[in-house]
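Note that the structure is a prediction, hence the values are computed from the model and not measured.
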Amino acid sequence: QVQVVESGGGLVQAGGSLRLSCAASGLTFSMYAMGWFRQAPGKERDFVAAVSRSGGVTYYTDSVKGRFTISRDNAKNAVYLQMNSLKPEDTAIYYCAAAYGRGGFFSGSVYYNEPDYDYWGQGTQVTVSS
């Protein structure tokens with residue numbers, strides 16, 4: 001049974017930092033590209049960041065470029081989202097997801113559309129106060 005579990009959310013003041021973690025089990029982690037999405041209150045879920053199977057390629061939505069960093073550790077079956085210079089508009093539930101990677105391990109494929117993702121976590125709340 002595949003499980004994707006996020007952790008690390010919380011309440012932080014604007015300008016602060018948080019590091020989200022995501023642990024995946026029940027799958028061959030290195031076969032999957034990984035991504036983070038978020039859903040703010042009353043809004044649709046949106047793409048935040050993605051990382052390729054090897055970790056060599058990353059991709060971000062414009063609003064988080066230069067502030068957020070996605071990384072992965074295939075030995076630990078984990079993916080991380082380091083969030084710096086947080087803003088109140090970053091407040092959302094953050095979801096981790098796994099997308100079966102087409103192409104080889106070093107193909108560099110990343111995915112930003114929800115239908116490309118096969119497994120999702122339950123989410124972790126991030127609240128940024130002004």
Side-chain angles (χ1 to χ4, degrees):
Q1 181 180 357
V2 175
Q3 286 191 314
V4 177
V5 180
E6 305 93 338
S7 61
L11 173 64
V12 64
Q13 287 189 332
S17 298
L18 279 176
R19 187 192 195 212
L20 304 184
S21 298
C22 171
S25 60
L27 50 72
T28 304
F29 186 71
S30 61
M31 295 292 290
Y32 289 79
M34 299 298 293
W36 287 95
F37 291 75
R38 67 185 178 186
Q39 186 168 22
K43 296 187 177 182
E44 294 184 347
R45 188 159 58 185
D46 292 326
F47 169 78
V48 176
V51 61
S52 63
R53 292 170 58 187
S54 69
V57 176
T58 57
Y59 184 74
Y60 301 90
T61 192
D62 286 345
S63 63
V64 308
K65 285 180 181 177
R67 300 189 299 124
F68 290 11
T69 302
I70 188 171
S71 62
R72 66 188 292 161
D73 186 337
N74 285 345
K76 295 182 178 179
N77 284 15
V79 62
Y80 308 99
L81 187 67
Q82 177 67 43
M83 305 186 295
N84 298 329
S85 302
L86 282 161
K87 305 175 181 180
E89 51 264 43
D90 295 317
T91 295
I93 299 173
Y94 282 71
Y95 297 90
C96 177
Y100 186 76
R102 275 76 76 184
F105 181 72
F106 295 107
S107 69
S109 297
V110 291
Y111 308 97
Y112 50 87
N113 291 318
E114 288 194 34
D116 288 323
Y117 285 83
D118 303 290
Y119 302 105
W120 293 81
Q122 293 299 306
T124 186
Q125 177 71 48
V126 171
T127 303
V128 184
S129 63
S130 57

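- Here the shortest heavy-atom pairing between D116 and A99 reads O-CB, 3.3 Å.
- You'll find the side chain of C22 reaches within 4.5 Å of the side chain of V4, heavy atoms only.
- Using a distance-only test at 3.5 Å, with no hydrogens or angles considered, no donor-acceptor pair links the side chain of R38 to the main chain of V126.
- The closest donor-acceptor contact from the side chain of E6 to the backbone of Q122 lies under 3.5 Å.
- No donor-acceptor pair closer than 3.5 Å links the side chain of Y60 to the backbone N or O of R67.
- Using modelled atom types, no side-chain atom of T127 and backbone atom of T91 make a donor-acceptor pair closer than 3.5 Å.
- F37 belongs to a hydrophobic cluster whose other members, connected by ILVMFWY side-chain contacts under 4.5 Å either directly or through intermediates, are F47, V57, Y59, I93, Y95, V110, Y111, Y112, Y117, W120.
- Taking both residues in full, the closest heavy atoms of V12 and G16 are given as CG2-CA, 3.9 Å, listed atom of the first, atom of the second, then distance.
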Please report the C-alpha distance between L86 and F68 in whole Å, then the side-chain angles of each, then the deciding distance to 0.1 Å, and finally whether the side chain to side chain contact (heavy atoms under 4.5 Å, CB included) criterion is met. CA-CA 9 Å; L86 282 161; F68 290 11; 3.8 Å; yes
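- Across all their heavy atoms, S109 and A33 have their closest contact at O-CB, 3.9 Å.
- Closest approach of S130 and A14 over heavy atoms only: CA-CB, 4.4 Å.
- Listed here is the closest heavy atom pair of L11 and S129: CD1-CB, 4.3 Å.
- Remark: the backbone N or O of R53 is paired with a side-chain donor or acceptor of N74 at under 3.5 angstrom.
- Residues M31 and M34 are members of one and the same hydrophobic cluster, defined by side-chain heavy-atom contacts under 4.5 angstrom among Ile, Leu, Val, Met, Phe, Trp and Tyr.
- From Q82, atom CD reaches atom CG of L18 across 8.5 Å, with rounding to the nearest 0.5 Å.
- Linking Ile, Leu, Val, Met, Phe, Trp and Tyr residues whenever their side-chain heavy atoms come within less than 4.5 Å leaves V5 and V79 in two separate clusters.
- Here the straight-line distance linking atom NZ of K87 with atom OG of S63 works out to 8.0 Å at 0.5 Å rounding.
- Y80 is not connected to F29 by any chain of hydrophobic side-chain contacts under 4.5 Å among Ile, Leu, Val, Met, Phe, Trp and Tyr, and they are in different clusters.
- The residues K65 and D62 are annotated as salt-bridged, a charged nitrogen and a carboxylate oxygen being separated by less than 4.0 angstrom.
- Between I70 and G35 the shortest heavy-atom distance is CD1-CA, 4.5 Å.
- Hydrophobic clustering, with ILVMFWY side chains joined whenever heavy atoms are under 4.5 angstrom apart, groups L81 together with V64.
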